[in-house]
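Counting from 1, the numbers follow the sequence of the chain as shown.
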Amino acid sequence: MSGEFTYGCWNKFYKRELIERAKVKFAEHVAYEEPLFVYPLYFYVSCMVIMQEALYVSRLNIYGPTFSYLANKNTLWEHAEVQM
């Protein structure tokens, strides 16, 4: 189960009421913003369903600004920063 319950937000659907009740927001101006959003939700959720069907497709543009930003070694420190 640990593979499905990650800090990533891209592979989950959320009810608006859950987000409002948990009062979570994405961290701003950092690359690894997801843990501050996803982890607190686990304390508020009463039911989770794992689906095998892929309902979301994403593309990675290795020439885009996001990829170059994440490739920067200094960006890794932001991951630790949002975990605190």
Exercise for review: Please identify each residue that fulfils side-chain contact (heavy atoms from CB on, under 4.5 Å) with Tyr44, with sequence neighbours left out.
Suggested key: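 With neighbours one apart ignored, the set is Leu18, Arg21, Ala22.
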Study note, to complete from the structure: In terms of heavy-atom contacts, Tyr14 and Cys9 come closest through OH-CA, 3.4 Å
Review point. Closest approach of Pro40 and Pro35, non-hydrogen atoms and distance?
Key: CD-O, 3.6 Å
Nearest 0.5 Å please: distance from the [atom1] atom of [X] over to the [atom2] atom of [Y].
| X | Y | atom1 | atom2 | value |
| --- | --- | --- | --- | --- |
| Phe13 | Met51 | CZ | CE | 7.0 Å |
| Ile50 | Asn11 | CD1 | CG | 10.0 Å |
| Lys25 | Leu36 | NZ | CG | 12.5 Å |

Check your understanding: Less than 4.5 Å apart, any side-chain heavy atom of Phe37 and any of Ile19?
Key ->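 Counting from C-beta outward, Phe37 and Ile19 do come under 4.5 Å.
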Review point. Which residues satisfy the salt bridge (charged side-chain N to carboxylate O under 4.0 Å, His left out) test with Glu28, sequence neighbours excluded?
Key: none
Exercise for review: Walk me through it: do Met48 and Tyr42 pass the test side chain to side chain contact (heavy atoms under 4.5 Å, CB included)?
Suggested key: CA-CA 9 Å; Met48 290 189 214; Tyr42 291 145; 3.4 Å; yes
